Amino acid sequence: NGCFGASCNKKLIIGGGSYSDGQSTMKVFEESDSSSHQFKPIMPLNSGRTGASAVYSRWHRKLIVAGGTSTYLDDYTLYDLRNVELLDTTTSLPGTSSLSSNRWFTCKDKIPGIFGANVEVFSLQDKIILADVENNKIYEGRIVDNPALNGTIHVGRYTWTPVPNVSIVWATFPEMHEPRYNHTVVVLGDRLLLCIGGHSIHGDKCVKMCEYFSYESNTWHIGPELPFCLQEAHILVLDDDCLLYTSDAADE
């Protein structure tokens, strides 16, 4: 329940969530190579996460996991995760592309104001975009690499360095023209941040107007209207100019 995944270098990476009986948040990730079609375990997350979001950043060559909830002290305490975990995809053992020995690195920087599982994470050039659609907040994070490494790892005759110390500088996005919740945010290629659908926070009405964010002007721009109301949709980017959407709550 509540697992998440991402496509990374022709591999499907899945993990997180909780067991079907609701016990204990899982921390295990698995990778599936497109050639072998078999899942293999890789290093566990530092914190179990249910309902989080994951994305692969081609810019940083890292897998990024954000958001979600976890359990603590024998499942008695449920708490929200407000940091990001990264998996470096460039430190595999020599002669292999497997991520089985790579470590997850937990960034110390707390995300301001993001709670719970209703978080989506995106990669946009050198930035991390986090959308909290329940609370109408969008954040931008910039990864800052620290050259000081966390020591070395020794496995057999191989020795290599893990992920460097990493900090993320967070900033809040400007507010949209029509603040909303239960909307959908998606990144189109490396160019635009697009917001679709949702409900207005100023009244019980759906928002058909789309908005897109331009980094050149650092402002939101009004786009075309949808022909129907769209709530909590899942949008899949087919290419830079084409979208496919599905929704459990689209009303004519």
Side-chain angles (χ1 to χ4, degrees), residues 2-9 11-16 29 45 49 51-68 81-89 104 107 109-144 166 168-176 180-198 210-216 218-221 223 230 232-247:
C3 66
F4 46 94
S7 175
C8 173
N9 294 336
K11 293 182 179 181
L12 175 63
I13 311 293
I14 64 171
F29 259 66
L45 292 159
R49 294 172 183 259
S53 177
V55 69
Y56 174 64
S57 171
R58 290 179 294 177
W59 182 285
H60 301 99
R61 301 179 71 181
K62 291 178 174 65
L63 193 65
I64 303 166
V65 174
L81 292 159
R82 297 179 57 193
N83 55 14
V84 169
E85 291 198 45
L86 306 173
L87 182 73
D88 196 346
T89 64
W104 288 92
C107 294
D109 314 272
K110 295 293 181 67
I111 304 164
I114 288 185
F115 299 95
N118 295 320
V119 176
E120 292 290 334
V121 58
F122 305 96
S123 172
L124 180 58
Q125 295 186 3
D126 61 334
K127 297 171 282 292
I128 301 173
I129 304 298
L130 285 171
D132 179 1
V133 298
E134 183 178 352
N135 298 305
N136 186 41
K137 295 290 184 182
I138 299 177
Y139 301 89
E140 174 190 281
R142 293 180 182 269
I143 296 179
V144 179
V166 176
I168 300 181
V169 180
W170 294 103
T172 303
F173 256 60
E175 192 172 85
M176 286 180 279
R180 60 192 81 187
Y181 63 93
N182 289 340
H183 51 290
T184 301
V185 176
V186 66
V187 170
L188 299 183
D190 290 329
R191 299 177 301 163
L192 296 174
L193 185 67
L194 177 67
C195 173
I196 295 177
C210 299
E211 297 191 37
Y212 63 93
F213 185 82
S214 169
Y215 273 96
E216 293 182 359
N218 200 43
T219 57
W220 287 93
H221 298 269
L230 195 62
E232 299 179 356
H234 297 281
I235 298 178
L236 307 178
V237 180
L238 300 182
D239 55 46
D240 284 357
D241 301 308
C242 183
L243 291 177
L244 173 69
Y245 67 84
T246 62
S247 175

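Please read these numbers as outputs of a predicted model, since none were measured by experiment.
- A salt bridge links Arg180 and Glu211; the closest N-O separation between the charged side-chain nitrogens and carboxylate oxygens is under 4.0 Å.
- Partner Lys62 forms a side chain to side chain contact (heavy atoms under 4.5 Å, CB included) with one of Leu86, Leu87, Thr89 and no other, that one being Leu86.
- For Thr219, the side chain to side chain donor-acceptor pair (under 3.5 Å) partners are Ser217, His221, not counting sequence neighbours.
- For Arg49 (side chain) and Leu81 (main-chain N/O), no donor-acceptor pair under 3.5 Å exists by modelled atom type.
- Residues passing the ring pair (Phe, Tyr, Trp, His ring centres under 6.0 Å) test with Trp220 are Phe213, sequence neighbours excluded.
- Qualifying salt bridge (charged side-chain N to carboxylate O under 4.0 Å, His left out) partners for Arg61, counting only residues two or more places apart in sequence or in other chains: none.
- Ile129 places a side-chain heavy atom less than 4.5 Å from the side chain of Leu193.
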- Query: So Ile168 and Ile128, side-chain contact (heavy atoms from CB on, under 4.5 Å) or not? Walk me through it.
  - Reply: CA-CA 9 Å; Ile168 300 181; Ile128 301 173; 3.9 Å; yes

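- Residues Ile143 and Asp126 are not in side-chain contact: their nearest non-hydrogen atoms beyond the backbone lie 4.5 Å or more apart.
- Annotation: side chain of Leu130 is in contact with side chain of Ile111 (closest heavy-atom distance under 4.5 Å).
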- Message: Between Ser57 and Ile64, does the side-chain contact (heavy atoms from CB on, under 4.5 Å) criterion hold? Intermediate values first, please.
- Response: CA-CA 7 Å; Ser57 171; Ile64 303 166; 3.8 Å; yes

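- Residues Ala52 and Val65 approach most closely at CB-CG1, 4.3 Å, considering heavy atoms.
- Under the side chain to side chain donor-acceptor pair (under 3.5 Å) criterion, Tyr215 pairs with Glu140, sequence neighbours left out.
- A heavy-atom distance below 4.5 Å is found between the side chains of Val84 and Trp170.
- Within the 4.5 Å cutoff, the side chain of Arg58 has no heavy atoms near those of the Ser123 side chain.
- Phe29 is linked by a ring pair (Phe, Tyr, Trp, His ring centres under 6.0 Å) to Phe4, Trp104, counting only residues two or more places apart in sequence or in another chain.
- Applying the ring pair (Phe, Tyr, Trp, His ring centres under 6.0 Å) test to Tyr56 and every residue at least two apart in sequence or in another chain returns nothing.
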- How far apart are the C-alpha atoms of Ile138 and Val185, what are their side-chain angles, what is the distance that settles it, and do they pass the side-chain contact (heavy atoms from CB on, under 4.5 Å) test? CA-CA 9 Å; Ile138 299 177; Val185 176; 4.1 Å; yes

